[in-house]
*Asks:* 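Sending over a structure as structure tokens; questions will come in a sec.
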Amino acid sequence: AASELRTVTIHASSGEEVRLRAEIADNAFEIARGLMYRTALAEDRGMLFIFEGEQTLSFWMKNTLIPLSIAFMDSEGRIVDIQDMKPLDDDPPSYVSAKPARYALEVNQGFFEERGVEVGDRAELPE
């Protein structure tokens, strides 16, 4: 079952406040499962992965059927990397954060670009 939805607000370079509702993945099972087997993700929804501390994060798209974009964020919520991920892409190399990160936010592919969200922008994240 999906965890409760929490609001994430990104202060985009464009000046816009981008809000979305995110499921929280903060334990090993939820982090490993992610958005596997889903056939759709609502327009303003996502999944926020929360890790213990900043580290190089690596994601793959095994059994993930929808194209996603991922934003990696440091402990302060600053976006350090954004990547697009292809459905069912489980061949190495995986999607690895360019810098150490504590959070990863997965959304529909193109979500960040369409809203002017860029590396260096900051997000308010639920704990």
Side-chain angles (χ1 to χ4, degrees):
S3 63
E4 66 180 281
L5 294 173
R6 305 288 297 275
T7 299
V8 174
T9 304
I10 302 168
H11 301 281
S13 307
S14 63
E16 190 178 348
E17 281 196 357
V18 178
R19 285 189 174 78
L20 63 107
R21 303 284 285 157
E23 296 174 48
I24 305 299
D26 60 1
N27 65 51
F29 176 76
E30 291 169 345
I31 287 170
R33 184 184 57 199
L35 293 169
M36 283 183 181
Y37 307 110
R38 310 249 186 123
T39 54
L41 183 62
E43 172 72 23
D44 59 344
R45 294 282 163 83
M47 180 169 279
L48 179 66
F49 297 82
I50 302 175
F51 295 87
E52 285 296 315
E54 286 186 11
Q55 57 194 291
T56 299
L57 299 180
S58 179
F59 281 67
W60 65 345
M61 293 287 282
K62 182 177 182 178
N63 300 319
T64 306
L65 309 172
I66 44 183
L68 299 172
S69 294
I70 187 166
F72 295 102
M73 294 168 278
D74 65 15
S75 296
E76 305 299 311
R78 189 155 313 278
I79 297 172
V80 297
D81 193 16
I82 296 175
Q83 298 180 32
D84 287 338
M85 304 191 295
K86 290 186 288 242
L88 303 175
D89 183 3
D90 59 0
D91 291 327
S94 303
Y95 301 92
V96 180
S97 60
K99 295 182 177 171
R102 179 167 178 221
Y103 304 96
L105 178 63
E106 289 183 344
V107 294
N108 284 306
Q109 195 168 102
F111 179 92
F112 298 124
E113 189 175 357
E114 289 161 15
R115 289 159 181 82
V117 175
E118 300 174 356
V119 170
D121 293 351
R122 200 179 59 74
E124 292 175 34
L125 304 169
E127 275 300 321

*Asks:* Backbone N or O of L57 within a donor-acceptor pair of the S97 side chain at under 3.5 Å?
*Replies:* yes

*Asks:* Taking side-chain contact (heavy atoms from CB on, under 4.5 Å) as the definition, give me every residue that meets it alongside S69, ordered by chain and number, with sequence neighbours left out.
*Replies:* D84, V107, Q109, F112

*Asks:* Can you check side chain to side chain contact (heavy atoms under 4.5 Å, CB included) on E23 and L5, steps first, answer last?
*Replies:* CA-CA 5 Å; E23 296 174 48; L5 294 173; 3.6 Å; yes

*Asks:* Which other residues end up in the same hydrophobic cluster as L88, if Ile, Leu, Val, Met, Phe, Trp and Tyr are linked when side-chain heavy atoms come under 4.5 Å apart?
*Replies:* L65

*Asks:* Using side-chain hydrogen bond (donor to acceptor under 3.5 Å, both in side chains) as the criterion, list what pairs up with D81, not counting sequence neighbours.
*Replies:* Q83

*Asks:* Suppose we screen for side-chain contact (heavy atoms from CB on, under 4.5 Å). Which residues come up paired with S13, at least two apart in sequence or across chains?
*Replies:* E118, D121

*Asks:* Looking at L68, I66, D90, which one forms a side chain to side chain contact (heavy atoms under 4.5 Å, CB included) with M61?
*Replies:* L68

*Asks:* Return the CD to CZ distance between E4 and R6, rounded to the nearest 0.5 Å.
*Replies:* 5.5 Å

*Asks:* Looking at P87 and P67, what are the two nearest heavy atoms and their distance?
*Replies:* CG-N, 3.5 Å

*Asks:* With sequence neighbours left out, which residue pairs that include part of residues 73-93 fulfil the ring-ring contact (aromatic ring centres under 6.0 Å, His included) condition?
*Replies:* none

*Asks:* Under the salt bridge (Lys or Arg N to Asp or Glu O under 4.0 Å) rule, collect the residues that match up with R78, sequence neighbours excluded.
*Replies:* none

*Asks:* Tell me whether I24 shares a hydrophobic cluster with I10, the cluster being built from Ile, Leu, Val, Met, Phe, Trp, Tyr side chains joined at under 4.5 Å.
*Replies:* yes

*Asks:* Count I, L, V, M, F, W, Y as connected when their side-chain heavy atoms are under 4.5 Å apart, and connections chain through other members. Are F111 and F59 then in the same cluster?
*Replies:* no

*Asks:* Could you tell me which residues satisfy side-chain contact (heavy atoms from CB on, under 4.5 Å) with E113, sequence neighbours excluded, listed by chain and number?
*Replies:* none

*Asks:* Where is the tightest heavy-atom contact between A104 and I70, given as atom of each residue plus distance?
*Replies:* CB-CD1, 3.9 Å

*Asks:* With a cutoff of under 4.5 Å between side-chain heavy atoms, which Ile, Leu, Val, Met, Phe, Trp and Tyr residues group with W60?
*Replies:* none

*Asks:* Give the minimum heavy-atom separation between V8 and P126, together with the two atoms involved.
*Replies:* CG2-CD, 3.9 Å

*Asks:* Could you work out, with side-chain contact (heavy atoms from CB on, under 4.5 Å) as the rule, every residue matching F29, not counting sequence neighbours?
*Replies:* N27, R33

*Asks:* Between T7 and R21, is any side-chain donor less than 3.5 angstrom from a side-chain acceptor?
*Replies:* yes

*Asks:* Taking side-chain hydrogen bond (donor to acceptor under 3.5 Å, both in side chains) as the test, write out the residues that go with S58, two or more places apart.
*Replies:* none

*Asks:* Does the side chain of L125 reach to within under 4.5 Å of the side chain of Y103, using non-hydrogen atoms?
*Replies:* yes

*Asks:* Applying side chain to side chain contact (heavy atoms under 4.5 Å, CB included), run through K99 and D74 and close with a yes or a no.
*Replies:* CA-CA 8 Å; K99 295 182 177 171; D74 65 15; over 6 Å; no

*Asks:* Give a yes or no on whether E76 atom CD has more than 12 heavy-atom contacts from other residues, nucleotides or ligands under 6.0 Å away.
*Replies:* no

*Asks:* Kindly state each residue pair satisfying side chain to side chain donor-acceptor pair (under 3.5 Å) with at least one member in residues 47-57, sequence neighbours excluded.
*Replies:* E54-S75

*Asks:* Looking at S94 and V96, would you say the former's side chain and the latter's main chain have a donor-acceptor pair under 3.5 Å?
*Replies:* no

*Asks:* So do I79 and L105 actually touch side chain to side chain, heavy atoms under 4.5 Å?
*Replies:* no

*Asks:* Applying side chain to side chain contact (heavy atoms under 4.5 Å, CB included) to K62 and M36, what does each step give before you reach the verdict?
*Replies:* CA-CA 7 Å; K62 182 177 182 178; M36 283 183 181; 4.2 Å; yes

*Asks:* Give me the atom names and distance for the closest heavy-atom approach of V117 to I82.
*Replies:* O-CD1, 3.7 Å

*Asks:* Indicate every side-chain donor-acceptor pair of residues 42-51 with a distance under 3.5 Å to a residue at least two apart or in another chain.
*Replies:*
residue, atom, partner, partner atom, Å
E43, OE2, R115, NH2, 2.6

*Asks:* Identify the two heavy atoms, one from V80 and one from P100, that lie closest to each other, and give their separation to 0.1 Å.
*Replies:* CG2-O, 4.0 Å

*Asks:* Please tell me if the side chains of D89 and M85 come closer than 4.5 Å, counting only heavy atoms from C-beta onward.
*Replies:* no

*Asks:* Side-chain donor-acceptor pair under 3.5 Å between E16 and H11, yes or no?
*Replies:* no

*Asks:* Roughly how far, to the nearest 0.5 Å, is OG1 of T64 from CG of L41?
*Replies:* 11.0 Å

